[in-house]
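Whatever order the structure lists ligands and atoms in, that order sets their numbers, starting from 1.
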Amino acid sequence: MAASRAPTSVRLLAVSKTFPADAVREAAAAGQRAFGENYIQEAVEKIIALSDVLVGQLPLEWHCIGPIQSNKTRLVAEHFDWVHTIDRLKIAQRLSEQRPSNLPQLNVCIQVNVAPTENKAGVSPSEALELALAVAQLPGLRLRGLMCIPDPVLADGELDLKAMQALFSAVTALHQAFAKHLGVGSDWDTISMGMSADMAEAIAGGSTMVRIGSAIFGARTPKPSL
Ligand SMILES: *Cc1c(COP(=O)(O)O)cnc(C)c1O
């Protein structure tokens with residue numbers, strides 16, 4: 001690969017938001033197992049509709065990559081395998097309490113905002129460690145790493161890929177710095193970053209899981225028209 005990374009060190013999350021269950025079924029038939037969704041209600045309908053689908057004898061793996069309001073935590077705890085967007089302890093606590101005891105722990109990432117601008121989601125790097133340490137104590141959750149959705153850095157209207165890579169490298173440095181605080185035996189192994197437009201830069205910057213939507217499923221129609 002261009003970034004000299006072993007192909008198996010980066011997982012592909014196929015972001016299927018706004019696309020119908022049949023599109024997911026097709027991707028699963030081609031061997032894709034992990035899917036990302038942003039809108040909880042829409043996602044749960046698909047998760048239920050596709051509960052019969054197996055990839056390599058395993059059920060599909062569903063990742064919540066959208067913001068979660070308090071009144072949606074139960075649905076998320078009951079239906080998803082991963083949540084990438086933890087940025088408040090209160091939401092993490094509800095997810096932990098509401099995770100059904102017959103399911104494995106819910107895998108979670110802390111959403112971090114390394115270059116805070118008008119994009120409000122995510123905790124600042126200075127708050128992230130405290131949140132991570134608190135989340136690591138919650139019995140229903142399995143803390144896996146960090147996630148970021150950087151605001152695209154533009155230069156002359158074009159994506160400034162060097163600047164994006166610098167942001168990604170900053171998240172990876174943070175991930176490494178936290179590892180020693182979380183201790184050996186933790187499952188701190190995930191850096192969720194990179195979307196269709198900046199996937200190569202994210203991988204070069206240390207991503208272990210890229211979230212790819214439009215490059216797999218095609219352009220999305222805006223959500224209000226759903
Ligand atoms: C929609 C979305 C993606 C996928 O974006 P594409 O540009 O279609 O690849 C990835 N991550 C998050 C958090 C998203 O909301």
Legend entry - Under 3.5 Å side-chain donor-acceptor pair for S124 and S126: yes
Inset, instruction - For residues F35 and W62, establish whether the separation of their ring centroids is below 6.0 Å. - result: yes
Any protein N or O within less than 3.5 Å of an N or O in ligand 1? List each pair with its distance, or say none.
{"residue": "ligand 1", "atom": "8 (O)", "partner": "S214", "partner atom": "N", "Å": "2.7"}
{"residue": "ligand 1", "atom": "8 (O)", "partner": "S214", "partner atom": "OG", "Å": "3.0"}
{"residue": "ligand 1", "atom": "8 (O)", "partner": "R220", "partner atom": "NH1", "Å": "2.8"}
{"residue": "ligand 1", "atom": "8 (O)", "partner": "R220", "partner atom": "NH2", "Å": "3.2"}
{"residue": "ligand 1", "atom": "9 (O)", "partner": "S196", "partner atom": "N", "Å": "3.0"}
{"residue": "ligand 1", "atom": "9 (O)", "partner": "S196", "partner atom": "OG", "Å": "2.5"}
{"residue": "ligand 1", "atom": "9 (O)", "partner": "G213", "partner atom": "N", "Å": "2.8"}
{"residue": "ligand 1", "atom": "11 (N)", "partner": "R211", "partner atom": "NE", "Å": "2.9"}
{"residue": "ligand 1", "atom": "15 (O)", "partner": "K17", "partner atom": "NZ", "Å": "2.7"}
{"residue": "ligand 1", "atom": "15 (O)", "partner": "N38", "partner atom": "ND2", "Å": "2.7"}

Inset, instruction - For the pair K46 (side chain) and S16 (backbone), establish whether a donor and an acceptor sit closer than 3.5 Å, ignoring hydrogens and angles. - result: yes
Legend entry - Within 6.0 angstrom of D156 CG, more than 12 heavy atoms from elsewhere: no
Inset, instruction - Take the angle between the ring planes of W82 and H84 and call it parallel below 30°, perpendicular above 60°, tilted in between. - result: tilted
Inset, instruction - Count the heavy atoms of every other residue, nucleotide or ligand shown that sit under 6.0 Å from CD of E78, and state whether that count exceeds 12. - result: yes
